[in-house]
Amino acid sequence: MVTLNSKIPEGPLEEKWTKYKANARRVNPANKKKLDIIVVGTGISGAPAASALGELGYNVKVFCYQDTPRRAHSVAAQGGINAAKNYKNDGDSVYQLFYDIIKGGDFRAREANVYRIAEVSNQIIDHFTAIGVPFAREYGGTLTTRSFGGVQVSRTFYSRGQTGQQVLLGAYSSLSRQVKEGTVTMYPRRDMLDLVVVDGKARGIIARNLVTGAIERHSAHAVVLATGGYGTIYYLSTLAVNSNASAAWKAYKKGALFANPSFVQIHPSSVPQMNEFQSKLTLMSESLRNDGRVWVPKNKGDKRPANEIPEEDRDYYLERRYPAFGNLVPRDVASRAAKERCDAGYGVGPTGLAVNLDFRDAIKKQGKKAIEAKYGNLFEMYKDITGIDSYEEPMRIYPAGHYTMGGLWVDYELMTTIPGLFAIGEANFSDHGANRLGASSLMQGAGDGYFILPYTITNFLAPEIRTPRIKTDLPEFDEAEKNAVENINRLMSVGGTETASSFHKRLGKIMWDHCGMSRNEQGLLEARRMIRELREEFWKELKVPGKTDEVNQELEKAIRMADFLELGELMVLDALNRKESCGAHFREESQTPDGEAQRIDEQYAYVAAWEYNGENEPVLNREPLNFEFVELKQRSYK
Amino acid sequence: MNKILFSAVSKKFVMALAGLFLLIFLPVHLGINLMLLRGDPEPFNNAAHFMATFPLVKVVEILLFLAIIVHIAYGLLLQVQNWMSRPVGYSVRNKSETSAFSRFMIWTGGSVLIFLVIHFFNFYFIKLGIVEGDPENFYSVAYQLFNIPGYVILYWVCFLVLGFHLYHALQSAFQTLGLSNEFWTPLIKVISLLYAIAIPVGFAIIPLVIWLIK
Amino acid sequence: MQNMKLKLKIWKQRDASSRGRFVTYDLDGVSPEMSFVEMLAYLNEKLVLKGDEPVTFEHDCHEGICGSCGMYINGYPHGPVKGLTTCLLSMRYFKDGETIVIEPWRAKSFPVIKDLMVDRSAFDKIQQAGGFISVAVGAAPEANTIPVRKHSSDLAFDASVCIGCGACVAACKNASAMLFVSAKVSQYALLPQGRPEAKERVRDMIAEMDKQGFGSCSNTGACEAQCPKQIKLFNIARLNREYIKAL
């Protein structure tokens, strides 16, 4: 057991962050140059963090598995980025944004962290605008916003359906500027294989050069993980196919706690699976639910084409069940409702695992042009994939694994339980509780990277100014490298008959069936057994071709897969432990009479932070969640 | 500073400017040539004489040669750079849709250059005294040449190729000089087409008319 | 479901210094619903199980936005369908029994790393030379302080959708990177935020582009035709304009 100290500053909610900043320790500019920081990952938290730390004068080394930082999967975020600007005069405020996130997360996030991210949200928009991100504008030249699921104000800034791309490329441009300045060194095409801990502090990483296969040692005074989520554990997810959990998992095995691993958001609108070879489900932005109406036929097995089903035979089930929010309920609610209809036999499409998202009424009312202006690229993408023209007939959508609210446990300073190891963006657990509201991930990632970590990291670094550059010939580096090489050799030498992708598919199915949109004790126990068996089989039957000293994409997959097979079990364990339903975590044993998630606050108002314990069962550490400023309520979107 | 003057983009500017200058010269040349059709050597020879002796024209002539040399030299430099930028080619021919004739500028340009050299031997070098002939009676020189069927065919082929070159050249120059946009470019393309047809046709009908009159 | 049989002629090359060659694979059981990269993954699965070396190629997001994928398919970068990346290119655009020739991007500035994987770091170098607005974190004014004409903002967005895949270079007969550079220069040139350092930006980015060994622009328009994000040639005109202004 470890003692969890969340380091939340004292005082009123709205003063905590100001107070913290006022009291934080500082590092003199001359000393910053002497301090090395490793940032792993270049998405919407890693790139901002690296560029901001570079601007401050630290010596930053940045790693990513892609060939260039601009390809991190934040690039695929579509809908937008929230901020409490209140440009629409609809009563938005920092407090309102804070409250929406806390409520959307079903009261399983830390108040102080959430308030802080709401506080910095406006600065994020200011900064992105200043560095040339072309957010959508009004004719008067000011920025415009749109509304998103789970809230009743319009606070989402966007660049058509490509907001993630625009803000990521903005962050990448700042990062590029720092590379030119010489404060940041880029190490692309590297996979982090292990974390190096020296005298209890994170002091470096072991990385594999994906081009030469060389195992490299990199040292620093502090290590920042901005490695994203682990949604690809489901195999079919909205994530990039190479996204993986390995960096965070290695940190966990070196002593960082893993918090709420079972909190996974299933996004309600992705293009349904079309064939068994598919390796990815494409997201259709939640913003579509602004104008699209979700429905299934009222009659079971109604096989008529969607356009031939008359109004009276359509069940607009979201509008029916949730009149106040209608089609704009939060993602977890929308996903479960879709699953409920499909499980009951009302699903559409060849597999019956899809619901209609219909723009007929919106096109009638606003005209095709208006719809095209808002969602043109999404309609095109949908057509490219399915061959269906959504201006003429409804899109078919189905939920898909999307975002992981769980992640490395961090304190208010975004530091994990390993001193000097920080986790930011999706890689940490801190802000979204049990369910993330749409357009909050870009906000949290960029906020962590630009405006929070640069302040909080100094508390760790200030006492380090006398620590000379960390040498890479320390025994800890030897040991970590040896383990990494042994792991690779072990994978190469299994010599079985099944590819890593095939194991991934099988694990994905287990996770989706038993630890996906709804979970129950029996299924979870079954899943745990199946994962263990699969893991054993993996180490007997895996086949990795090629050599280790060259580009070997099969080896890359195998390394990541071995970690997924361990993480999967931890997710199941966490889901088993939490016998309540909250947000995206839906335990069938705990629901209201009308089938909504039923929290059990007296027993589960805590963060479940798991501690690695070798071959034994991980140890559960509880961080109680004290709600001082909001009242815990049963979430209702009716 | 050197980097700016000799960047690929700067070279293209200079090429475009030189090219546009040559484009202005062509209608002037055509106008004089059309005097061949007057049936009287006097106006044509007078014009040729004027072009050969008037001081201001002399200055323009120097500029013209400078433009030709720069256009060719920069064209070659860029071409070499372009060839070097893809040392290993594709095995399947690139089928990407491109603007008509734009891929063959070096070849059409080279063909026009060959014609230019022949043309110099026939006329300009007489003026300079390098080649024998009467510089005061280009009218008859022209008529003699147009009586050779092989020459006329070569002449026509060269102007056809020049037309290909001009069609891309004009619109491309506007693009290179940063003068194209959604509004003007369609118009520029039409003008390019008209120009690329009018100039070669204008030159090409001269031997035809001469032959018909005869 | 329909089954397709294909003959794939794929460029195989061990590493940058080795000589490459085409290897032909017969692939049965391709579904028209697969995307092009899924088809290749399917081929690889078969190759690995047979004990053969799989084909190395890049792909990541599978939704046409990360820019990882890219191969020269039957004479077209990203294949014969306009406005699509290789990952979104559906196999329904190919015929049963068809021979498909797949080559890597070819350019001096994009050396082959292995098979169909090339090194596009030259694009990063160009971006680092000046593809940014130098505003430090914390220094930004309130976002609505500077109004931006909607039309300019929309044009900036149209340029900024570039995914850095390199299809423009692959398509250009000169392996020129002008469309890529112009997209970045245009985005910033069109926004008032980008004006203060517009001159330095365009000069530095052009200089770096030359240094990286890309060819010059012949205004053929192949880049525009093959750009999966349909970035317009007018951006190159704007780049030229900006460059003249910077002289």
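Everything numeric in this text was worked out from a predicted model, so none of it was measured. In the text below, chain A, chain B and the rest are named by the order of the sequence lines, each starting its count at 1.
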Nearest 0.5 Å, what's the [atom1]-[atom2] distance between [X] and [Y]?
X        : Y        : atom1 : atom2 : answer
B:Ser180 : C:Ile236 : OG    : CD1   : 9.5 Å
B:Tyr90  : C:Trp105 : OH    : CH2   : 7.0 Å
C:Lys108 : B:Trp83  : NZ    : CH2   : 15.5 Å
C:Arg241 : B:Leu179 : CZ    : CG    : 7.5 Å
B:Ser10  : C:Tyr243 : OG    : OH    : 3.5 Å
C:Lys9   : B:Ser91  : NZ    : OG    : 5.0 Å

Examine distances only and state if a side-chain atom of [X] and a backbone atom of [Y] form a donor-acceptor pair shorter than 3.5 Å.
X        : Y        : answer
B:His168 : C:Ser218 : yes
B:Gln81  : C:Phe214 : yes
B:Lys95  : C:Asn74  : yes
C:Asp210 : B:Ala8   : yes

Heavy-atom cut-off 4.5 Å, strictly under: side chain, backbone, both or neither for [X] against chain B?
X        : answer
C:Arg238 : neither
C:Leu239 : neither
C:Ile206 : side chain
C:Phe110 : neither
C:Lys82  : side chain
C:Pro104 : backbone
C:Tyr72  : side chain
C:Cys172 : backbone

I need the residue from [options] with the largest number of non-hydrogen atom pairs under 4.5 Å to chain B.
options                               : answer
C:Ala171, C:Cys223, C:Gly20           : C:Ala171
C:Ala170, C:Ala107, C:Ser176          : C:Ala170
C:Ala222, C:Pro77, C:Ala246, C:Ser109 : C:Ala222

Atom group of [X] that falls short of 4.5 Å from chain C, counting heavy atoms:
X        : value
B:Gln171 : neither
B:Arg93  : backbone
B:Thr185 : side chain

Q | Which atom of C:Ile244 lies closest to which atom of B:Phe13, heavy atoms considered | A |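 Between these two residues, the closest heavy atoms are CG1-CZ, 3.3 Å.
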Q.
Could you report the tightest heavy-atom contact between C:Gln226 and B:Ser96, atom names first, then the distance?
A.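 Minimum heavy-atom contact is CG-OG, 3.2 Å.
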Q. Which one of B:Glu182, B:Lys12, B:Gln79, B:Met105 has the most heavy-atom pairs closer than 4.5 Å to chain C?
A.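 Max contact count across the listed options: B:Glu182.
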Q) How about B:Ser85 and C:Asn174: does a side-chain donor come under 3.5 Å of a side-chain acceptor? A)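 There is no such pair between these side chains.
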Q. Restricting to pairs with a member in residues 190-209 of chain B, which pass side chain to side chain donor-acceptor pair (under 3.5 Å), not counting sequence neighbours?
A.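 Applying side chain to side chain donor-acceptor pair (under 3.5 Å) to every pair that reaches into residues 190-209 of chain B, excluding sequence neighbours, yields nothing.
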Might you confirm whether atom [atom1] of [X] has over 12 heavy atoms from other residues, nucleotides or ligands at distances under 6.0 Å?
X        : atom1 : value
B:Phe65  : CZ    : yes
B:Phe121 : CZ    : no
B:Arg38  : CZ    : no
C:Lys211 : NZ    : no
C:Lys245 : NZ    : yes

Q | Non-hydrogen side-chain atoms of C:Lys173 and B:Asn94 separated by less than 4.5 Å | A |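 No, every pair of side-chain atoms sits at 4.5 Å or beyond.
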**Q.** C:Asn240 side chain near B:Val9 side chain, heavy-atom distance below 4.5 Å
**A.**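 Result yes, sub-4.5 Å side-chain heavy-atom pair found.
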Q: May I have the step-by-step check of side-chain hydrogen bond (donor to acceptor under 3.5 Å, both in side chains) for B:Thr176 and C:Asn219, ending in yes or no?
A: CA-CA 8 Å; B:Thr176 301; C:Asn219 303 323; 3.1 Å; yes
Q: For side-chain contact (heavy atoms from CB on, under 4.5 Å), just list the numbers for C:Glu224 and B:Glu97, CA-CA rounded to whole Å, side-chain angles, deciding distance to a tenth of an Å, and then say yes or no.
A: CA-CA 9 Å; C:Glu224 182 188 57; B:Glu97 188 185 300; over 6 Å; no
